[in-house]
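What follows is a set of notes on a single structure, which appears directly below.
Source: prediction; values computed, not measured.
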Amino acid sequence: MKSVKISKKGGSAVGNTIEKILSAKSIRTSAEELQALTQQWESIQLLKNDFRSVELNDYDIAMTHTLGGAHDE
């Protein structure tokens, strides 16, 4: 996975978009937090792209989390 370096003064396009969205919501982030958010977003996008190429038969298995412990049905 590639690493993206971001600074408050002109980072990547994704980083700038994330910063604009957070700014519009009055959420302040440090350069380190913005870099972490950008890397996480890019990782999610890579996983989504991998998921789109999976054959239909591989969708048969799912795991869910239910609060309060294990439930057998």
Side-chain angles (χ1 to χ4, degrees):
M1 180 182 339
K2 76 177 190 177
S3 176
V4 176
K5 292 189 177 183
I6 298 176
S7 67
K8 288 284 188 178
K9 296 179 182 179
S12 72
V14 172
N16 290 337
T17 301
I18 292 171
E19 187 175 15
K20 284 179 188 176
I21 291 169
L22 293 176
S23 258
K25 296 178 182 234
S26 300
I27 300 172
R28 301 172 115 189
T29 59
S30 67
E32 294 81 20
E33 291 169 326
L34 185 59
Q35 182 175 3
L37 288 169
T38 301
Q39 287 176 342
Q40 243 186 342
W41 177 256
E42 290 175 345
S43 295
I44 290 168
Q45 294 307 307
L46 287 172
L47 289 171
K48 274 178 64 175
N49 288 338
D50 288 345
F51 188 69
R52 288 185 182 130
S53 66
V54 174
E55 294 296 321
L56 188 59
N57 292 339
D58 292 341
Y59 289 109
D60 293 343
I61 299 172
M63 180 184 294
T64 61
H65 175 74
T66 304
L67 293 176
H71 299 279
D72 294 327
E73 292 180 24

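- Across Arg28 and Glu33, no two heavy atoms sit closer than the pair O-OE1, 4.2 Å.
- Residue-environment remark: CD (Gln40) stays at or below the threshold of 12 foreign heavy atoms within 6.0 Å.
- Listed by chain and number, the residues in a side chain to side chain contact (heavy atoms under 4.5 Å, CB included) with Ile18 are Val14, Leu22, Leu34, Leu37, Thr38, Trp41 (sequence neighbours excluded).
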